[in-house]
Amino acid sequence: MLGNAIAIASLPAEDLSRAKKFYTEVLGLKFAEQPSEGSALFEAGGGTQIFMYQRGRSTAEHTAVNFIVDDLDAVIETLGSRGVSFEQYDLGEIKTDKRGIATSDETRMAWLTDPEGNILGLLSR
């Protein structure tokens, strides 16, 4: 039923202006539109989108959105030069190195937190 439906991630933002600046200037997403007051829609690759809505700070402790990238090292270097810090995890099977990269089978992963407290993942296969 939903196998062919387009999915859009929804993320909360305590400060929508700050979030918009981070997602466009730091992450490089394109601002698409403001669908309603207190919201923003961003375009990512392959027709995917992120809908952001203003609300109080969220306390989610899980990855809210994953971005699949071709060259994880290059993305980490670029984002690092823009002031992004990467999370450090030691969760048994998932342990990051000093750069914030974890490897599981053929997948390399890293995580960062946006200024709104949302955890974002980067995956490279």
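Note that the structure is a prediction, hence the values are computed from the model and not measured.
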Can you find a pair of side-chain heavy atoms, one from Pro12 and one from Asn118, that are under 4.5 Å apart?
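In contact.
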Nearest-0.5 Å distance that lies between atom [atom1] in [X] and atom [atom2] in [Y]:
| X | Y | atom1 | atom2 | answer |
| --- | --- | --- | --- | --- |
| Glu33 | Leu41 | CD | CG | 5.5 Å |
| Asp73 | Glu77 | CG | CD | 8.5 Å |
| Asn66 | Met109 | CG | CE | 9.5 Å |
| Glu43 | Thr24 | CD | OG1 | 12.5 Å |
| Gln54 | Ser36 | CD | OG | 11.0 Å |
| Thr63 | Glu87 | OG1 | CD | 9.5 Å |

Please check: side-chain N/O of Thr96 versus main-chain N/O of Tyr89, any donor-acceptor pairing under 3.5 Å?
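Here the side-chain-to-backbone pair exists.
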Smallest separation among heavy atoms of Trp111 and Ala102, with atom names:
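Shortest heavy-atom separation between Trp111 and Ala102 comes out as CZ3-CB, 4.0 Å.
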Can you confirm whether more than 12 heavy atoms, excluding those of Asp70, are under 6.0 Å from its CG atom?
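Result for CG/Asp70: open.
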Flag yes if more than 12 heavy atoms outside Leu91 fall under 6.0 Å of its CG atom; otherwise flag no.
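Yes, CG of Leu91 has more than 12 neighbouring heavy atoms, counting only those of other groups under 6.0 Å.
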Please go through Ile50's hydrophobic cluster and name the other residues, only I, L, V, M, F, W, Y counting, with side-chain heavy atoms under 4.5 Å joining them.
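Via sub-4.5 Å side-chain contacts, Ile50 links to Leu11, Leu16, Phe22, Tyr23, Val26, Leu27, Leu29, Phe31, Phe42, Met52, Val65, Phe67, Val69, Leu72, Val75, Ile76, Leu79, Val84, Phe86, Ile101, Leu112, Leu120, Leu122.
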Name all residues meeting the salt bridge (charged side-chain N to carboxylate O under 4.0 Å, His left out) criterion together with Asp90; count only those two or more places apart in sequence or in a different chain, and write none if there are none.
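If we apply the salt bridge (charged side-chain N to carboxylate O under 4.0 Å, His left out) test to Asp90, skipping adjacent residues, the hits are Lys95.
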Pairs satisfying salt bridge (charged side-chain N to carboxylate O under 4.0 Å, His left out), at least one member in residues 4-24, at least two apart
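Every pair satisfying salt bridge (charged side-chain N to carboxylate O under 4.0 Å, His left out) with a residue in residues 4-24: Glu14-Arg18, Glu14-Arg57, Arg18-Glu116.
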